[in-house]
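Notes for the one structure printed next.
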Amino acid sequence: MLFASCSTKQSAINQLESFSTELRDHSRYYGIQDWEKAGKKFVDITKKVKKHELDYTPEELARIGKLEGECAGYMARGAKDNVTDRLRGLLNEIQGIIQGVTGAFGNFE
């Protein structure tokens, strides 16, 4: 029974580590649905970690905190990048509208 418990608590850490690596390596390509899935996955993993909170050593808790911080940082950066990309796209669209309107008025002269 002790082995199963250790294995489960370690698998939660492993999932968190794997998720942090996934975000680091691939989050710059995420769309909105990817971010929704990532948010749900982060919540699921942190719930698993919390189940074993009292079983972790201080070193494991420090590692968990570091990994959770990395994940939060990648998700914050991804949210900022998505907003920036959307604003850039919106500004380009507005610029196109303005050019279209001014071009249309130029045709009336």
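Hydrogens, waters and symmetry mates are skipped; everything else that's a heavy atom, side chains included, is used. Just so you know, residue 1 is the first one in the sequence shown, and it goes up from there.
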Exercise for the section: Could you pull out the closest heavy-atom pair between A12 and V49, with the gap in Å? Expected result: CB-CG2, 3.9 Å
Completion exercise
Between the CZ atom in F42 and the CG atom in L23, the distance rounded to the nearest 0.5 Å is 9.0 Å
Problem - R63/E17 ion pair, N-O < 4.0 Å - result: yes
Practice task
Would you mind checking if K50 and E53 are paired as a salt bridge, meaning a charged N to carboxylate O distance below 4.0 Å?
Solution key: yes
Problem - Whether T46 side chain and V43 backbone form a donor-acceptor pair below 3.5 Å - result: yes
Practice task
Hey, could you give me the CD/OG distance between Q15 and S20, rounded to the nearest 0.5 Å?
Solution key: 13.5 Å
Practice task
Start with the C-alpha distance between I13 and Y56, add both sets of side-chain angles, then the distance that settles side chain to side chain contact (heavy atoms under 4.5 Å, CB included), and finish with yes or no.
Solution key: CA-CA 10 Å; I13 294 173; Y56 292 121; 3.4 Å; yes
Handout entry: Salt bridge present between E70 and K66 (N-O < 4.0 angstrom)
Key = yes
Problem - Trace of the side chain to side chain contact (heavy atoms under 4.5 Å, CB included) decision for K41 with D44 - result: CA-CA 5 Å; K41 187 171 184 177; D44 289 345; 5.6 Å; no
Problem - Donor-acceptor contact present, side-chain D34 to main-chain G31, <3.5 Å - result: yes
Problem - Donor-acceptor pair, side chain of S11 and main chain of T8, under 3.5 angstrom - result: yes
Exercise for the section: Enter the distance from K9:NZ to I64:CD1 here, rounded to the nearest 0.5 Å. Expected result: 8.5 Å
Completion exercise
Heavy-atom nearest pair, M75 first then A38, reads SD-O, 4.5 Å
Practice task
Could you please spell out the steps behind the side chain to side chain contact (heavy atoms under 4.5 Å, CB included) verdict for Y74 and H26?
Solution key: CA-CA 10 Å; Y74 295 133; H26 302 287; over 6 Å; no
Completion exercise
Rounded to the nearest 0.5 angstrom, the CG-NZ distance for N14 and K48 is 11.5 Å
Problem - Sidechain-backbone polar pair: E68 side chain, G65 backbone, donor-acceptor under 3.5 Å - result: no
Exercise for the section: Hey, could you give me the CZ/CD1 distance between F19 and I45, rounded to the nearest 0.5 Å? Expected result: 5.5 Å
Completion exercise
Closest non-hydrogen contact found for G78 with W35 is CA-CZ2, 3.4 Å
Exercise for the section: Test H52 against Q10 for side chain to side chain contact (heavy atoms under 4.5 Å, CB included), laying out the working first. Expected result: CA-CA 9 Å; H52 303 285; Q10 185 58 47; over 6 Å; no
